[in-house]
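The model shown is predicted, which means the values in this text are computed figures rather than measured ones. As the structure lists them, so they are numbered: ligands from 1, and atoms in each ligand from 1.
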Amino acid sequence: MEATVWFLTSNPGKLEEAQLHFGPLGYTIEQLVVPEGAIVEPQSDSLQDIAISKLEQAKAHLPSSDAMVMVEDSGLFINALDGFPGVYSSYVHETIGCQGLLRLLTHLESEDPVQHKNLRAASYHAVAALWDGKSMLVGLGECPGSLASEIHEGHGFGYDPVFVPLDLDDFGQPLPAGELGPTSTHGMAFGGVEIDVKHRFSHRRRALEQLLEQLP
Ligand code: IMP
């Protein structure tokens, strides 16, 4: 029997990606639509705390008390800025955007290409939290990389025009900065590669996979 997972999101890309992962395991993803202002995002510097708070609030809007519901939150964390913009990623993107973010990093320059990447190290983080009707499951995903020096428009969204992922090894694990691996964007930002290439590195995919491993 197909089970439904209600997903609290307004992002069609996230819905599609979740369906891709949950579908083969017999789950159908449905968008959970709630009245405007019904979910209040707490002030916190932890993606996990924010996701769990939203999940708790979403339970009140489910069609039945034993229904399953999921929330996914993500952000870009820049090492040299102590993790900024992190939980403020959406707001920072809406205000100063990718161009503004690059301006904040202009002091981080180096002649050495490997050292340059290290100075500009950053990572995407994602937290997926699911209430399965009885207990709460949490999946975490990370995509380490660095910030490019210029913008590569094309595919993706958010900070993809300036985010370059670390290469992956044969097992799909990130390699140290400067090491070449079989899965690579060849130094190109996510904005400059096809969406299925980005998918192999995706923090969101990793978080969803970790969640799925815990489902009974
Ligand atoms: P959300 O709250 O999970 O929708 O994401 C917060 C913000 O983080 C987004 O608005 C983007 O600016 C940024 N972000 C998260 N994941 C990605 C990604 O995969 N690509 C580009 N930007 C991302």
Under 4.0 Å from a heavy atom of [X]: which atoms of ligand 1 are those, numbered in the order shown and with their elements?
X	result
Gly158	12 (O), 21 (C), 22 (N)
Lys14	1 (P), 3 (O), 4 (O)
Gly75	8 (O)
Asp160	18 (C), 20 (N), 21 (C)
Lys198	18 (C), 19 (O), 20 (N)

**Report entry** Asp73 near ligand 1 by a heavy-atom separation under 4.0 Å
**Finding:**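 Checking ligand 1 against Asp73, which is what was asked, there is a heavy-atom contact under 4.0 Å.
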How far is [atom] from its nearest protein heavy atom, and which residue and atom name does that atom have?
atom	value
atom 10 (O) of ligand 1	Ser90 OG, 3.2 Å
atom 6 (C) of ligand 1	Ser74 O, 3.1 Å
atom 16 (N) of ligand 1	Arg204 NH2, 2.8 Å
atom 22 (N) of ligand 1	Tyr159 N, 3.2 Å
atom 8 (O) of ligand 1	Ser89 CB, 3.3 Å

Report task. Evaluate side-chain hydrogen bond (donor to acceptor under 3.5 Å, both in side chains) for Asp160 paired with Tyr124, printing each intermediate quantity in order. Result -> CA-CA 10 Å; Asp160 286 343; Tyr124 281 135; 2.8 Å; yes
Requested in this report: Would you confirm whether the ring centroid of His155 sits within less than 6.0 angstrom of the ring centroid of His199?
Outcome: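 No, they do not, as the ring centres are separated by 6.0 Å or more.
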**Report entry** Shortest heavy-atom approach to atom 17 (C) of ligand 1 - which of Phe157, Phe201, Phe77
**Finding:**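 Going through Phe157, Phe201, Phe77 one by one, Phe157 has the nearest heavy atom to atom 17 (C) of ligand 1.
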Query raised in the report: Is the closest basic N to carboxylate O distance between Glu194 and Lys198 below 4.0 Å?
Result: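 The answer is no: the pair does not qualify as a salt bridge.
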Report task. May I ask you to check if ligand 1 and His93 share an N or O to N or O distance below 3.5 Å? Result ->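 Such a contact does not occur with ligand 1.
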Query raised in the report: Applying a 4.0 Å heavy-atom criterion (strictly less than), which segment of Phe163 is in contact with ligand 1: side chain, backbone, both, or neither?
Result: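 It is neither part, as no heavy atom is under 4.0 Å.
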Query raised in the report: Is it true that a side-chain atom of Tyr159 and a backbone atom of Ser89 form a donor plus acceptor pair closer than 3.5 Å?
Result: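 Looks like yes, one N/O pair under 3.5 Å.
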Requested in this report: First locate atom CZ of Phe157, then atom CG of Asn11, and finally report the distance between them rounded to the nearest 0.5 Å.
Outcome: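 Reported value, rounded in 0.5 Å steps: 6.0 Å.
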Requested in this report: Drop me the distance from Leu8's CG to Lys14's NZ, to the nearest 0.5 angstrom.
Outcome: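 Rounded to the nearest 0.5 Å, the CG-NZ separation comes to 9.5 Å.
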Report task. Could you walk me through whether Asp66 and Ser64 pass side-chain hydrogen bond (donor to acceptor under 3.5 Å, both in side chains), step by step? Result -> CA-CA 6 Å; Asp66 61 346; Ser64 67; 2.9 Å; yes
Query raised in the report: Checking side-chain hydrogen bond (donor to acceptor under 3.5 Å, both in side chains) for the pair Ser90/Glu94: CA distance, chi angles, key distance, verdict?
Result: CA-CA 6 Å; Ser90 297; Glu94 279 162 30; 5.3 Å; no
Query raised in the report: Which is it for Phe163 and Thr185 under the side-chain contact (heavy atoms from CB on, under 4.5 Å) test, yes or no, and what are the steps along the way?
Result: CA-CA 11 Å; Phe163 183 83; Thr185 66; over 6 Å; no
